[in-house]
There are 2 protein chains.
Amino acid sequence: MSKIDQIDRNILRTLGGEGRISNLELAERVGLSPSACLRRVQELERIGVIKGYRAVLAPKAMGVGFTAYVTVGLNAHTKASQLAFEQGVARAVEVRECHNITGAWEYLLRIEAADLAAYKRFHTDVLGTLPQVQSITSYVVMGSPKDERA
Amino acid sequence: MSKIDQIDRNILRTLGGEGRISNLELAERVGLSPSACLRRVQELERIGVIKGYRAVLAPKAMGVGFTAYVTVGLNAHTKASQLAFEQGVARAVEVRECHNITGAWEYLLRIEAADLAAYKRFHTDVLGTLPQVQSITSYVVMGSPKDERA
DNA sequence: GTTACATCACAATCAAATTGCGTCGATCCT
DNA sequence: AGGATCGACGCAATTTGATTGTGATGTAAC
């Protein structure tokens, strides 16, 4: 398979929303036999178009009651400084996302913590001890009218 | 089941990373028999702790070659203005996430588009035609050293 | 026109999911 | 202290789905 056709796009769209649909049901949805459908899914996984599957969990049940986006500016823009910061962030479980962005700050983080107190501890003991960090601005998430993360 | 115990947390953590693991394998991981494990998973789904499952797809394969975070300030802070904006955003497929945040802007959006030209069209024809919008700041994502979205 | 290749559906086999049921441990009530 | 009740378990049988081999079909290239 060298290119993704319309059937593949239907498969991907369906799996993007219902990752654990049975192959039988998926085959019916996209109009193939189960074996043909399964082979396509397996190929999409093999070539990396489908990177994996994840359960979508209710945050509260995972102990997450507080979410914030944080912009981070570094005091030095060197490659070493950026790599060191990224390593520090990789170790912090509260950091769910770390994006390298254009603009006045180098990074945008998504932080998930139990509550404000836990966020404060993260802010002080994690971000506050990374020597590369020069500026931090926190934006607390009060709600998410749209959230199609995957 | 009234509360989530350590076995449940193990199940959730495993499914959060490998949503399509077989029940057989999951049972081995958490130390239960397959039927006991399956019943717990079914209960976690029933009570809403597991909201669903999604395939994680490579962005390029879905036609996404450009990602940006956008802060949006509204010209009026009324409930009606916010709802109208949120409805406009709900209709836009490029908007993957819309978060209501504290600080100088009301919203933080995550935009996924094919390329810069497509982003420009979104910026002009979608955001640029919502009357509630007073300020827009775009932050282009150049990379994501950490991304555990689900 | 022939050959090669990709993709399909069918069918057989294998593996996993599902569910009924008995057992065990904990808790509560007498 | 003993019995009853309830929740959760593992076992086993049954059902369902996944997997894979294979032949057929269509398309493209030579």
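What you are looking at is a predicted structure, and each value in this text was computed from that prediction instead of being measured. Chain identifiers are assigned alphabetically (A, B, ...) following the order of the sequence lines, protein sequences preceding nucleic acid strands; residue numbering begins at 1 within each chain.
Atoms CD1 (B:I7) and P (D:dA8) sit 11 Å apart, rounded to a whole Å. For B:L44 and D:dA8, the CG to P distance is 11 Å, given to the nearest whole Å. Residue A:N23 contributes atom CG, which lies 10 Å from atom P of D:dG17 at whole-angstrom precision. At whole-Å resolution of the value, CG in A:L24 and P in D:dT15 are 17 Å apart. In this structure, B:E43 places its CD atom 11 Å from P of D:dG7, rounding to the nearest Å. One can place CD of A:E25 at 15 Å from P of D:dT16, the figure rounded to the nearest angstrom. Computed from coordinates, the B:R20 CZ to D:dA18 P distance equals 7 Å when rounded to whole Å. For B:I11 and D:dC9, the CD1 to C1' distance is 13 Å, given to the nearest whole Å.
The listed nucleotides are D:dG10, C:dA9, D:dT20; the one nearest the side chain of B:L32 is D:dG10. Side-chain atoms of B:L38 lie closest to C:dT18 of the nucleotides D:dA8, C:dA9, C:dT18. The nucleotide whose nearest atom lies closest to any side-chain atom of A:R40 is, among C:dT7, D:dG17, D:dG10, C:dT7. Which of D:dG17, D:dG10, C:dT18 sits closest to the side chain of B:A36 comes down to D:dG10. Of the candidate nucleotides D:dC9, D:dT20, C:dA16, D:dT20 has the atom lying nearest to any side-chain atom of A:R39.
The hydrophobic cluster containing B:L130 does not contain B:W105, counting ILVMFWY residues as joined when their side-chain heavy atoms lie under 4.5 angstrom apart, directly or transitively. There is a path of hydrophobic side-chain contacts, each under 4.5 Å, that joins A:I4 to B:M62.
The residues B:R40 and B:E43 are annotated as not salt-bridged, no charged nitrogen and carboxylate oxygen being separated by less than 4.0 angstrom.
Proximity of a side-chain donor or acceptor of A:T102 to a complementary backbone N or O of B:V140 within less than 3.5 Å is detected.
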Test side-chain hydrogen bond (donor to acceptor under 3.5 Å, both in side chains) applied to B:S138 and B:Y119, step by step: CA-CA 10 Å; B:S138 303; B:Y119 178 70; 2.6 Å; yes

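Scanning atom types as modelled, one donor and one acceptor separated by under 3.5 angstrom connect the side chain of A:S35 and the base of C:dC10.
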